[in-house]
Amino acid sequence: MSCKVSRTLHSEQTPFQKLDVIETTEFGRMLVLDGMVQTTEADEFVYHEMIAHVAMQTHPSPRRVAVIGGGDGGAVREVLKYASVQQVRLVEIDRRVVEASRTFFPGLSAGLDDPRVECLYVDGVQHIREHKGEYDVILVDSTEPVGPAVGLFSQEFYRECFESLAPEGILVAQTESPFFNKELIARAFRAIAAVFPVSRLYLASVPTYPSGLWSFSLGSKGPDPLDVEPDLTGIETRYYTPGIHKAAFQLPRFVQELIETDTNGGG
Ligand code: SAM
């Protein structure tokens with residue numbers, strides 16, 4: 001995938017990573033961390049809707065939500081569409097990502113000013129370890145598993161997430177591309193399946209991510225996303241629909257094989 005960069009809007013080295021905001025001809029503004037595309041104006045809705053709505057629709061009444069990473073604010077924006085939500089904690093290690101998003105991506109970050117939102121600038125691993133039984137939904141909207149995000153892909157972290165969730169709680173973690181990250185998906189899914197009674201993998205099509213095909217791993221303490229009839233009354237989306245909710249769990253054979261030994265009957 002290539003695109004034309006018309007202008008660099010911002011570039012800095014934060015204490016955690018290199019942060020660039022560039023203007024592209026094809027995808028509008030693009031947030032890049034350590035040279036890796038994080039989000040673009042043109043296709044951000046796909047990723048942010050799919051990381052948020054599957055869990056939000058599956059939980060019977062999500063009230064307390066944690067977004068780990070996700071400093072651009074896109075996942076928080078989607079979570080706030082639910083009237084049941086009383087509290088959203090954005091747990092982002094790098095304050096500069098949030099500040100840059102507020103400046104350059106108002107469409108993503110606007111929700112961060114909602115009174116239900118609290119922004120915490122700490123390591124997500126530490127936060128989850130210190131908050132037990134508090135959340136209905138945890139969304140791990142992390143960077144690639146290098147640098148500060150390594151711990152967010154570990155079995156220990158998924159176990160801590162289980163403990164950080166209330167009964168019926170649901171975890172969704174972005175788990176990269178089935179073309180380029182086979183081992184990571186197999187390992188992350190196996191780790192989640194070892195901890196949660198219900199584990200599912202689902203896919204979405206995100207043009208600006210490597211290979212365009214993206215995976216999300218879900219662990220649930222009870223509710224199964226395959227049993228859900230999504231209700232989008234009063235909720236606007238551009239990618240996620242009740243049909244997409246079901247279709248996303250239909251896996252191509254080569255993806256199914258990545259997790260085959262570990263599925264609990266669905267997928
Ligand atoms: N949608 C993106 C993707 O999949 O490419 C992820 C976007 S979001 C900008 C990822 C965020 O995770 C980054 O801002 C990064 O600073 C944050 N992050 C990485 N490791 C973290 C950690 N251990 N705790 C909290 N936030 C972390």
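Whatever order the structure lists them in is the order used to number ligands and atoms, beginning at 1.
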J.: Taking only Lys NZ, Arg NE, NH1 and NH2, and the carboxylate oxygens of Asp or Glu, determine whether Lys246 and Glu229 approach each other closer than 4.0 Å.
T.: yes
J.: Does Gln38, backbone or side chain, put an N or O under 3.5 Å from an N or O of ligand 1?
T.: yes
J.: Checking Gln174 against Trp214: is there a side-chain donor and acceptor pair closer than 3.5 Å?
T.: yes
J.: Can you check whether Glu92 has an N/O within less than 3.5 Å of an N/O in ligand 1?
T.: yes
J.: Please report which non-hydrogen protein atom sits nearest to atom 3 (C) of ligand 1, along with the residue it belongs to and the distance in Å to one decimal place.
T.: Tyr209 OH, 3.3 Å
J.: Crowded around Glu236 CD? As in, over 12 foreign heavy atoms under 6.0 Å?
T.: no
J.: Please report the closest heavy-atom contact between Thr143 and Ala149, naming both atoms and the distance.
T.: OG1-CB, 3.3 Å
J.: Under 4.0 Å from ligand 1, counting heavy atoms only, is it the side chain of Tyr47, its backbone, both or neither?
T.: side chain
J.: With respect to Gly124, determine whether any N or O atom, backbone or side chain, lies less than 3.5 Å from an N or O atom of ligand 1.
T.: yes
J.: Hey, which atoms in ligand 1 end up nearer than 4.0 Å to a heavy atom of Gln174?
T.: 4 (O)
J.: Quick one: does Met36 get within less than 4.0 Å of ligand 1, heavy atoms only?
T.: no
J.: Select one of side chain, backbone, both or neither to describe which atoms of Ser142 lie under 4.0 Å from any atom of ligand 1, heavy atoms only.
T.: backbone
J.: Hey, which atoms in ligand 1 end up nearer than 4.0 Å to a heavy atom of Asp72?
T.: 7 (C), 8 (S), 9 (C)
J.: With the threshold set at 4.0 Å, does a side-chain nitrogen-carboxylate oxygen contact exist between Arg102 and Glu99?
T.: no
J.: When you measure from the heavy atoms of Val98 to every atom of ligand 1, does any distance fall below 4.0 Å?
T.: no
J.: Given the side-chain rings of Phe162 and Phe157, with only the six-membered ring counted for Trp, is the space between their centroids under 6.0 Å?
T.: no
J.: Sort out for me which residue in Arg64, Arg89, Arg63 forms a salt bridge (Lys or Arg N to Asp or Glu O under 4.0 Å) with Glu134.
T.: Arg89
J.: Just jot down the ligand 1 atoms closer than 4.0 angstrom to any heavy atom of Leu33, in number order.
T.: 13 (C), 14 (O)
J.: Between Lys132 and Glu160 (salt bridge meaning N to carboxylate O under 4.0 Å), is one present in this structure?
T.: yes
J.: Validate the cation-pi geometry between Lys221 and Phe196: distance from NZ or CZ to the six-membered ring centre under 6.0 Å, angle to the ring axis within 45°.
T.: no
J.: Check ligand 1 against Val37 and write out every atom of the ligand that is under 4.0 Å from a heavy-atom position of the residue.
T.: 5 (O)
J.: Which of the numbered atoms in ligand 1 are under 4.0 angstrom from any heavy atom belonging to Val97?
T.: 14 (O)
J.: Using a 4.0 Å cutoff against the non-hydrogen atoms of Glu144, which atoms of ligand 1 qualify?
T.: 5 (O)
J.: Please determine if Lys4 and Glu23 form a salt bridge, counting it only when a charged side-chain N lies under 4.0 Å from a carboxylate O.
T.: no
J.: Does ligand 1 come near enough to Trp214 that some N or O of the ligand is less than 3.5 Å from an N or O of the residue?
T.: no
J.: Which residue and non-hydrogen atom of the protein lie closest to atom 10 (C) of ligand 1, and at what distance in Å?
T.: Asp141 O, 3.3 Å
J.: Do Gln57 and Asp231 pair up side chain to side chain, a donor and an acceptor below 3.5 Å, judged on atom types alone?
T.: no
J.: Which atoms of ligand 1 sit under 4.0 Å from any heavy atom of Ala149?
T.: 19 (C), 20 (N)
J.: Give the numbers and elements of all ligand 1 atoms closer than 4.0 Å to a heavy atom of Asp123.
T.: 22 (C), 23 (N), 24 (N)
J.: Hey, are Thr25 and Ser6 close enough side-chain-wise for a donor-acceptor pair under 3.5 Å?
T.: no
J.: Any N or O on Pro148 sitting closer than 3.5 Å to an N or O of ligand 1?
T.: yes
J.: Touching ligand 1 at all, Val125? Heavy atoms, strictly under 4.0 Å?
T.: no
J.: If hydrogens are left out, which of Asp34, Ile93, Thr208 has an atom nearest to atom 25 (C) of ligand 1, that is, the closest non-hydrogen atom?
T.: Ile93
J.: Please state which part of Leu152 comes within less than 4.0 Å of ligand 1, counting heavy atoms only: side chain, backbone, both or neither.
T.: side chain
J.: Taking the basic N atoms (NZ, or NE/NH1/NH2) and the acidic carboxylate oxygens, is any pair closer than 4.0 Å for Asp94 and Arg96?
T.: no
J.: Can you tell whether the side chains of Arg200 and Asp224 come within less than 4.0 Å, N to carboxylate O?
T.: yes
J.: Measure the distance from atom 19 (C) of ligand 1 to every protein heavy atom, then report the residue, atom name and distance (to 0.1 Å) of the closest one.
T.: Thr143 OG1, 3.3 Å
